[in-house]
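Only one structure is covered here, and it is reproduced in the block below.
Residue numbers start from 1 in every chain, and the chains themselves are labelled A, B, ... in the order their sequence lines are given, proteins ahead of strands.
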Amino acid sequence: MGDSHTFNTKTLASMFALVDCNNFYASCERVFQPKLRNKPIVVLSNNDGCVIARSNEAKPFIPMGAAAFEYKEIFEREKINVFSSNYALYGDMSNRVMTLLAEFSPDIEVYSIDEAFLKFEGFDAHFDLNEHGKQIRYRVTKGTGIPISVGIAPTKALAKVANKIAKKFSERTGNVYVINTDEQRIKALKWLLIGDVWGVGRQHEKRLEKLGVKTAYDFTLLTEQWVRKNMSVVGVRLLLELQGKSVLEMDVPSSKKNIACTRSFDKNYSDYETISERVATFAVTCAAKLRKQKSCCNAIMIFIHSNYHRKDLPQYSKNIVINLPFPTNSSIELAQFAAIGLKKIFKKGIAYKKAGVIVMNFTPEAIQQTTLFETSNPKHKPIMDVMDSINKSIGKIKIKLASQDPDRTWKMRQEKLSPRYSTRISEAIKIKA
DNA sequence: TCTGGGGTCCTAGGACCC
DNA sequence: TCTGGGGTCCTAGGACCC
């Protein structure tokens, strides 16, 4: 006997599902090497710097963000399989997962590379949400090999909570959990620590704990005024959502408002030539991303950092924002402005470890207005089109500006890179005849 | 020797305008 | 005792996310 007798067949309010991939990067690596099933895996950041993903088996031994060089011995001792990050593979796998998820609702919000919200509407009271979640999980796992968890609830924030429970108690839930009644909601929130709530970071956690707020449930008992004053409207929305009132709608995918390309270097560099080549390349990458979403930027920021882990060396960190005289997405122009900015902030005698370019304040390419005196050079447009099409067909950045190093393909340290199984024919798995 | 790379939203306060 | 009153735009900084 369920409590179905309390419902009739009238349509229920809408429900949200949060679907996310378990240990996504590690799972991607495992898809193509089934012998790694149940084996510990970690994936490293760029330059093989630190750990950014762990399989469940690796979690007891390796904290998130661990510096790879500090854990070398533990990797060996625990026989942990170590991979350099392979974003081409993860991006491709992500697309496959999202495509399958879209079969289950026309209303889907891709929230990150490994997460999506789905909204369900118009089902009746007899509809079995748990069974529906199970079907989603089956479809994705069977179709991609990536294991997922599904949380379903009347609000987005509660769907996040349900998802945590689905994952945490996977043996009992089968990685699917539904919060539907108020009893379930309260029980779940009493279990969830305040610091683990979506939208509560370190700062808010500290303040809330001081106030005696230990769990998500405690939080829902606070007054709206207090939350408003101390956590802004963002906090109020969270409060309402956790109380069961849906205020966060599905976001429509929109163009990016900032685009960044920043990197740590494989080692420290002090010479101007190296840094300026890197910055030019970052600017070119930003320009290409701008053109892809048909935007022009009106400002560009350049920053450089010394290595802040080296307390023994002089520290220096500086950024500069250049407001452009006209909107542009030309690689040539953005590289030029980036060079001007770098000249202003570059200081000699510093060991630089990181630099980046961020473009901001976009206007659509189509309505790019011409100012009276200074305009983006229209001759660049066809050149950029050719650059983009050639680079696209080759698949790697091949056409470069003179300010970029023509000979050297900048190497990240990627000693443990897996093949690009899903994106390169030549590296695809060989199938025996 | 070695420690990631992206993003978003909100608010307060100053500049400026009438 | 007294120093107007709005409004808008912009920016820096804080907080959070994956």
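Listed candidates were C/dA15, B/dC10, B/dG4. Nearest to the side chain of A/Val233 is B/dC10. Among C/dA15, B/dC9, B/dG4, the nucleotide with an atom closest to any side-chain atom of A/Ser45 is B/dG4. Residue A/Asn268 places its side chain closer to B/dC2 than to any other of B/dC2, B/dT11, B/dG6. Which of B/dG4, B/dT8, B/dC10 sits closest to the side chain of A/Ser232 comes down to B/dC10. Between B/dG5, C/dC18, B/dG4, one nucleotide has an atom nearer to the side chain of A/Lys354 than all others, and that is B/dG5. Minimum atom distance to the side chain of A/Ser264 is reached by B/dG4, of the listed C/dC18, B/dG4, B/dT8. Taking only side-chain atoms of A/Asn307, from C-beta outward, the nucleotide of B/dG6, B/dC2, B/dT11 with the closest atom is B/dC2. In the set C/dC18, B/dG6, B/dG7, C/dC18 carries the atom at the smallest distance from any side-chain atom of A/Glu115. For A/Cys50, taking side-chain heavy atoms from C-beta onward, the closest of the listed nucleotides B/dG7, C/dC16, B/dG4 is B/dG4. Nearest nucleotide to the side chain of A/Asp114, out of B/dT11, C/dC18, B/dG4: C/dC18.
Using a 4.0 Å heavy-atom cutoff across all strands shown, A/Asp48 reaches no nucleic acid atom at all. As judged by a 4.0 angstrom heavy-atom cut-off over every strand, A/Val43 is placed among residues making no nucleic acid contact. Residue A/Ile113 is classed as having no contact, given no heavy-atom separation below 4.0 Å to the nucleic acid. Within 4.0 Å of A/Lys72, counting heavy atoms only, lies no atom of the nucleic acid at all. Within 4.0 Å of A/Arg207, counting heavy atoms only, lies no atom of the nucleic acid at all.
The side chain of A/Lys256 places no N or O atom within less than 4.0 Å of a non-bridging phosphate oxygen (OP1 or OP2) of B/dT8. Regarding contacts with the backbone of B/dT1, every side-chain N or O of A/Arg413 stays at 4.0 angstrom or more from both OP1 and OP2. The side chain of A/Lys229 places no N or O atom within less than 4.0 Å of a non-bridging phosphate oxygen (OP1 or OP2) of B/dC10. In terms of phosphate contacts, A/Arg310 brings a side-chain nitrogen or oxygen within less than 4.0 Å of OP1 or OP2 of B/dC2. Phosphate proximity of C/dC16 to A/Arg237: absent, as no side-chain N or O sits under 4.0 Å from OP1 or OP2.
When the nearest nucleotides of DNA chain B are assigned to A/Lys267 and A/Cys261 by heavy-atom distance, the more 5′-ward of the two goes with A/Lys267.
Proximity of a side-chain donor or acceptor of A/Asn81 to a complementary backbone N or O of A/Lys39 within less than 3.5 Å is not detected. No side-chain donor-acceptor contact under 3.5 Å links A/Thr262 to the backbone of A/Gly356.
Residue A/Lys134 qualifies as enclosed at atom NZ: its count of foreign heavy atoms under 6.0 Å is above 12. Within a 6.0 Å radius of NZ in A/Lys59, more than 12 heavy atoms belonging to other residues, nucleotides or ligands are found.
The distance between atom CD1 of A/Ile320 and atom P of C/dA12, rounded to the nearest whole Å, is 12 Å. Between the NZ atom of A/Lys416 and the C1' atom of B/dC2 there is a distance of 14 Å, given to the nearest Å.
The base-pairing partner of B/dC18, taking Watson-Crick or G-U wobble contacts with both distances under 3.5 Å, is C/dG5.
In this structure, A/Tyr316 has its ring center at least 6.0 angstrom away from the ring center of A/His305.
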Pair A/Glu241-A/Leu158, side-chain contact (heavy atoms from CB on, under 4.5 Å): steps then yes or no: CA-CA 7 Å; A/Glu241 285 256 318; A/Leu158 287 171; 6.0 Å; no

